[in-house]
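The structure appears below as C-alpha cells.
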Number of protein chains: 2
Amino acid sequence: MVAKRRSGCPIAVSLDIFGDRWSLLIVRDLMFKGLSTFTEFGAAGEGIATNVLAERLERLEDAGIIERLADPADGRKATYRLTSKGIDLAPVLVEMVIWAARYEATDAPPAQVREMTRHRARFLASVRKRLR
Amino acid sequence: MVAKRRSGCPIAVSLDIFGDRWSLLIVRDLMFKGLSTFTEFGAAGEGIATNVLAERLERLEDAGIIERLADPADGRKATYRLTSKGIDLAPVLVEMVIWAARYEATDAPPAQVREMTRHRARFLASVRKRLR
DNA sequence: CAGGATCCGTTTCGATACTG
DNA sequence: CAGTATCGAAACGGATCCTG
C-alpha cells in the first residue's frame, strides 16, 4: 500500500474504497442484499474472481468497514458483516443507487430502489436498524 | 469496453464511474474546486498521468457527465464543465466527503466540509446554483 | 505553450487451477 | 467451503513527441 498523499479534500484519502469497483459491490451486497459469506459474494456479484474477492475482503476488514466472524463450531465457515463505520456508508450507497436509477438503469427500478428514492430517510433508518 | 452485465441493483451499471478513482477525482475537482482545464486537472489531482487524464475526460464526456467546450477564438484552449447529469452527482460526492471527513480525515476538515456536514441541503443548493 | 497521443517498463487485475 | 498459486492480459504512470 502506497502512503496516502495529502490533499485539501478528504475524498482523496478514501479512494481505496470509493475508487474500487469490487469493494463497493461487496458493501452493497452486505447492505442491501443480506449476503454474508465468501461464496455468496462470489456468486451474487457480477463475477468477481476468488483471489480478488479474498483480497478485497481483507482490505475492507483492514479499513474497519467489515468484520470477519469465524464460526467457532466450524473453522472453515466464516461470515462477514458491516461495522458501524461500514453501516455509515449507507447514505453514499443510497445516493449512488438513486443517481444510477435515474440516469443509467435500463430496466424498471425494483421496489427497494423506489423506496430509497421516495422515502430516503425512512429507508436509511430501516437499514441501520436491520444491520445493527 | 466490455458489455454491461445485468444485475438486480442499478449500482452495478455505473461502476465505470463510481468504481474508478480518477473519474471521481475529476468530478470532485469540477464540482468543489472550480477547476475546468486539462492542465488544472493534471496539476491539482494527486498526480494523474496525461494519457490517463485524457482517457477519463473522454469517458466522462461519453457518459454525458461532463461536456467539452472548445474556445472558438483559440482552438488550443478547451474547458470542461459538468452537465446536469454530472451536477446531480453532487449528493453522492457530498455523502462521500462527509463519511471520509468523519472516518478517514487526518487533518481538521476545511470550512467547506463543515458546511456540507452541518447544512447539507443548503450546500447542495448552492452547488447547483453555482454550476448551472 | 495547452492539450493531448504514443511508446514502453512496471504494476495490478482477473480467470483458472489447485489446496487445507 | 474458503480461500492460495499461477500466469497471461490489461491498466497504469512516466517520459517524450506531436499538433495547433
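Fair warning: this is a prediction, and the values are worked out from it, not measured in the lab. Chain A is the first sequence line, chain B the second, and so forth, proteins listed ahead of strands; every chain is numbered from 1.
- Few gaps surround CZ on B/Arg130; more than 12 heavy atoms of other groups in view lie less than 6.0 Å from it.
- When all heavy atoms of A/Leu30 and A/Leu35 are compared, the closest pair comes out as CD2-O, 3.2 Å.
- At least one side-chain heavy atom of B/Phe32 sits less than 4.5 Å from a side-chain heavy atom of B/Met116.
- Ion pairing between a basic and an acidic side chain is recognised when a charged N comes within 4.0 Å of a carboxylate O; A/Arg59 and A/Asp16 show no such pairing.
- A heavy-atom distance below 4.5 Å is not found between the side chains of A/Tyr80 and A/Glu40.
- The side chain to side chain donor-acceptor pair (under 3.5 Å) pairs that include a residue from residues 87-103 of chain A are A/Asp88-A/Arg128, A/Asp88-B/Arg102, A/Asp88-B/Tyr103, A/Glu95-A/Arg120, A/Glu95-B/Arg120, A/Arg102-B/Asp88, A/Tyr103-B/Asp88, where partners are two or more places apart or lie in different chains.
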Are there any protein N/O atoms within less than 3.5 Å of an N/O atom in nucleotides 2-4 of chain C, and if so, which ones and at what distance?
{"unit_1": "C/dG3", "atom_1": "OP1", "unit_2": "B/Ala78", "atom_2": "N", "d": "3.3"}
{"unit_1": "C/dG3", "atom_1": "OP1", "unit_2": "B/Ala78", "atom_2": "O", "d": "3.1"}
{"unit_1": "C/dG3", "atom_1": "OP2", "unit_2": "B/Thr39", "atom_2": "N", "d": "3.3"}
{"unit_1": "C/dG3", "atom_1": "OP2", "unit_2": "B/Thr39", "atom_2": "OG1", "d": "2.8"}
{"unit_1": "C/dG4", "atom_1": "OP1", "unit_2": "B/Arg68", "atom_2": "NH1", "d": "2.8"}
{"unit_1": "C/dG4", "atom_1": "OP2", "unit_2": "B/Arg68", "atom_2": "NH1", "d": "3.0"}
{"unit_1": "C/dG4", "atom_1": "OP2", "unit_2": "B/Tyr80", "atom_2": "OH", "d": "2.2"}

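- Salt-bridge check for B/Arg122 with B/Glu115: passed, with a basic side-chain N closer than 4.0 Å to an acidic carboxylate O.
- When DNA chain D is scanned in the 5' to 3' direction for atoms under 4.0 Å from non-hydrogen atoms of chain B, the outermost contacting nucleotides are D/dC12 to D/dG20.
- No side-chain heavy atom of B/Thr117 sits under 4.5 Å from any side-chain heavy atom of B/Phe123.
- Under the salt bridge (charged side-chain N to carboxylate O under 4.0 Å, His left out) criterion, B/Glu67 pairs with B/Arg81, sequence neighbours left out.
- Between B/Glu104 and A/Lys85, at least one side-chain nitrogen of the basic residue sits less than 4.0 Å from a carboxylate oxygen of the acidic one, meeting the salt-bridge criterion.
- Terminal axes of the helix from C/dC1-D/dG20 to C/dG20-D/dC1 (five pairs each, C1' rotation axis) are separated by 30°, to the nearest 10°.
- A/Phe18 and A/Leu24 make their closest contact through O-CD2, 4.0 Å (heavy atoms, listed as atom of the first residue, atom of the second, distance).
- Judged by distance alone, the side chain of B/Thr83 and the main-chain N or O of B/Gly64 form a donor-acceptor pair under 3.5 Å.
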For nucleotides 7-13 of chain C, which of its nitrogen or oxygen atoms have a protein nitrogen or oxygen under 3.5 Å away, and what is each distance?
{"unit_1": "C/dC13", "atom_1": "OP1", "unit_2": "A/Arg56", "atom_2": "NH2", "d": "3.2"}

